[in-house]
Amino acid sequence: MALSAGAVLLSGLALGAHTHAAGKEAYVASCRTSVEGSRVTAYCHNPNPGTDRVRLHVECARWWDIDSDSAPVEVGPTAYAELTQRCWKEVGEAWISHQPVPDRR
């Protein structure tokens, strides 16, 4: 499965937040990712007219710790979504993938 080009990377060592602003694509939600200890939370808001399907991906720092991907969440126009994943120990990387949802009309 290929990830879309609109992914956000965040080092697990950073304790702050990182913001991804929507580019030229009319479906990309604006997402902010926060790492607190071993927990990663993504806050996504879609100010655009199209629907964005977002997923949070977490790669853990330790080789024995299981990496995880959230279930896909559709963020419609003006909608908000919060996604959470965690590692047992430290977070290595976290990113969000975006996928447009076709218009259902």
Side-chain angles (χ1 to χ4, degrees):
M1 170 193 271
L3 297 178
S4 72
V8 176
L9 294 177
L10 175 70
S11 170
L13 302 176
L15 298 178
H18 187 77
T19 303
H20 169 70
K24 295 179 181 178
E25 300 173 85
Y27 72 88
V28 178
S30 174
C31 296
R32 181 175 58 89
T33 308
S34 175
V35 177
E36 293 181 23
S38 62
R39 184 172 302 277
V40 180
T41 305
Y43 307 93
C44 296
H45 173 258
N46 187 3
N48 302 300
T51 300
D52 187 10
R53 184 176 291 131
V54 296
R55 291 184 77 179
L56 174 61
H57 309 275
V58 176
E59 186 174 299
C60 301
R62 311 251 179 166
W63 66 269
W64 48 262
D65 208 344
I66 299 172
D67 300 339
S68 59
D69 301 317
S70 73
V73 175
E74 290 187 6
V75 185
T78 71
Y80 170 84
E82 188 173 312
L83 297 89
T84 304
Q85 292 290 93
R86 64 165 297 168
C87 295
W88 283 101
K89 292 284 187 174
E90 300 86 12
V91 174
E93 287 185 277
W95 65 93
I96 300 164
S97 62
H98 300 267
Q99 178 183 21
V101 176
D103 190 7
R104 294 184 175 118
R105 288 187 252 172

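Going from atom CG of Asp67 over to atom CD of Glu59 covers 5.0 Å, rounded to the nearest 0.5 Å. Atom CZ of Arg55 is separated from atom CD1 of Ile96 by 12.5 Å, given to the nearest 0.5 angstrom. The line from SG of Cys31 to CG of Leu83 is 8.0 Å long, rounded to the nearest 0.5 Å.
Taking all atoms of both residues into account, the shortest heavy-atom contact from Gln85 to Ser70 is NE2-N, 3.8 Å. Nearest heavy atoms, Pro77 versus Pro49: CG-O, 3.1 Å. In plain terms, the two heavy atoms of Tyr27 and Gln99 that are nearest each other are CE1-C, 3.7 Å.
Counting only residues at least two apart or in different chains, disulfide (SG to SG under 2.5 Å) contacts with residues 48-85 comprise Cys60-Cys87. Residue pairs meeting the salt bridge (Lys or Arg N to Asp or Glu O under 4.0 Å) criterion with at least one member in residues 42-52: none, sequence neighbours excluded. Under the salt bridge (Lys or Arg N to Asp or Glu O under 4.0 Å) criterion, the residue pairs touching residues 77-90 are Arg62-Glu90, with sequence neighbours excluded.
In the hydrophobic cluster analysis, where Ile, Leu, Val, Met, Phe, Trp and Tyr join through side-chain heavy atoms closer than 4.5 angstrom, Val75 is grouped apart from Tyr43.
Atom CH2 of Trp88 has 12 or fewer heavy atoms from other residues, nucleotides or ligands within 6.0 Å.
Remark: the backbone N or O of Ala79 is not paired with any side-chain donor or acceptor of Asn46 at under 3.5 angstrom.
In this structure the side chain of Val40 reaches within 4.5 angstrom of the side chain of Thr33, judged on heavy atoms. Residues Val54 and Pro72 form no side-chain contact, since every pair of their non-hydrogen atoms from C-beta on lies 4.5 Å or further apart.
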